[in-house]
Number of protein chains: 2
Amino acid sequence: MFIITVILSAAAMSGNMQDTDEIDRAILSILSREGRVPMKSLAGRIGLSRSTTTERVSRLERKGIIRGYRADIGQLDEGQIHAFLLLTLKRTPSIGVLDRLAGFSAVRKVSSVSGQLDLVVEVEVGSINALNELRNEVATLDNVEDLTTAIVLRRDIERS
Amino acid sequence: MFIITVILSAAAMSGNMQDTDEIDRAILSILSREGRVPMKSLAGRIGLSRSTTTERVSRLERKGIIRGYRADIGQLDEGQIHAFLLLTLKRTPSIGVLDRLAGFSAVRKVSSVSGQLDLVVEVEVGSINALNELRNEVATLDNVEDLTTAIVLRRDIERS
DNA sequence: CGCCGCAACCGGCATAATGCCGGATGCATG
DNA sequence: CATGCATCCGGCATTATGCCGGTTGCGGCG
């Protein structure tokens, strides 16, 4: 097999398409910080035309590399209580539950995990009452089989 | 101070402005899931005009309640495995365990929690083998009663 | 009690961004 | 050297945005 070297108009570097190349990473880097930036200015920053940039972004979306765009919600009213909700689902791919979870502003992070658990949900609320309400709402979501709540008493180690 | 009551054209209910009212919460709920939705369609969904909706969103941004917009990236840095180690201790508190955990460079975050669990440990390793070794080392630490490992398959939500 | 200011709302118009094409280019392949 | 393919660009009709003035309901004040 020959070495596939593509010199693109002296601007882009070599790249076999396939997955994410240098340009895609630049796009992801920008969009992960400025999710609402217009395609036109994104294009300008990475040095491609608007239509090409749009096409690349759509491809990243289709491929699932960009799963969506989220507004980054700050504290609604000074949340202090952190907790983990450990969820077991009845059926495991559950888009519905994720959508609902994303709707709670208290939800900070959701991870799909292997093992008996299915989701680790990190939440931040302003009061124990709010936590209880959230807990009840999450527990009664369709497809949620089991829910364990663990309130963070102390943050012992936090890096990076 | 008097109660500021705003009756909005028979559509919205009462609400004191000040912070976030019912409508703002609707906006946040939608934007937290669809960060790139056009203002026009956002407006349509919450039942206000485009300009009013835009003004509300800008206010949320100015107030810092919306911190920004992020593209939700799937796998960004490949090769890194994230996992939660859910620890139950024989006796709590246990300074010894925390010291030992801090000694592992793979340990990213440790939270003391209430409930049946005692510690939620977030780790980041380069391979499944590394995770297994780490798991074994942690499990055999003095004072560790039980250890559940949950590998993060996918990061579904991550804010801030 | 009428007037003013304010906050929240709406609609409209010029400008900017988007969606959707067709067409060019470079490269591997038969 | 013709064909297919991936990538890129530009242009035009459509849509969204930024910015403005105008309306409405209500508390404050003379």
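By convention in this document, chain letters (A, B, ...) are assigned in the order of the sequence lines, proteins followed by strands, and residues within each chain are numbered from 1.
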ask   = Roughly how many Å is it from CZ in Arg36(B) to P in dT18(C), rounded to a whole number?
value = 6 Å

Ala102(A) backbone acceptor or donor facing Ser32(B) side chain under 3.5 Å = yes

note = Glu22(A) atom CD is separated from dT7(D) atom P, nearest whole Å, by 16 Å

message = As a test of reading the structure: which of dT18(C), dC8(D), dC9(C) is closest to the side chain of Leu48(A), going by heavy atoms?
response = dC8(D)

message = Can you identify which nucleotide, out of dC9(D), dT18(C), dG19(C), has its nearest atom closest to the Thr54(A) side chain?
response = dG19(C)

query = Is it true that Asp21(A) and Arg56(A) make a salt bridge, defined as a side-chain N closer than 4.0 Å to a carboxylate O?
reply = yes

key: Spacing between Glu55(A) atom CD and dG11(D) atom P, to the nearest angstrom   = 19 Å

note = Comparing Ser51(A) with Ser41(A), nearest DNA chain C nucleotide closer to 5' gives the residue Ser41(A)

ask   = Quick one: do Glu122(B) and Lys109(A) make a salt bridge, cutoff under 4.0 Å?
value = yes

task = Give a yes/no on whether any side-chain N or O of Thr52(A) is located under 4.0 angstrom from OP1 or OP2 of dC9(D).
result = yes

d(CE, Met39(A); C1', dC9(D)) in whole Å = 17 Å

request  = Nearest whole angstrom, please: distance from the P of dC5(D) to the CZ of Arg59(A).
outcome  = 16 Å

key: Closest nucleotide among dT17(D), dG10(D), dC9(C) to the Ser49(A) side chain   = dG10(D)

ask   = Start at the 5' end of DNA chain D and walk down; is the nucleotide closest to Lys40(B) or to Arg50(A) reached first?
value = Arg50(A)

ask   = Does Arg45(A) use its side chain to pair, donor to acceptor, with the backbone of Ala26(A) at less than 3.5 Å?
value = no

message = So, OP1 or OP2 of dA7(C): does either fall under 4.0 Å of a side-chain N or O from Arg56(B)?
response = no

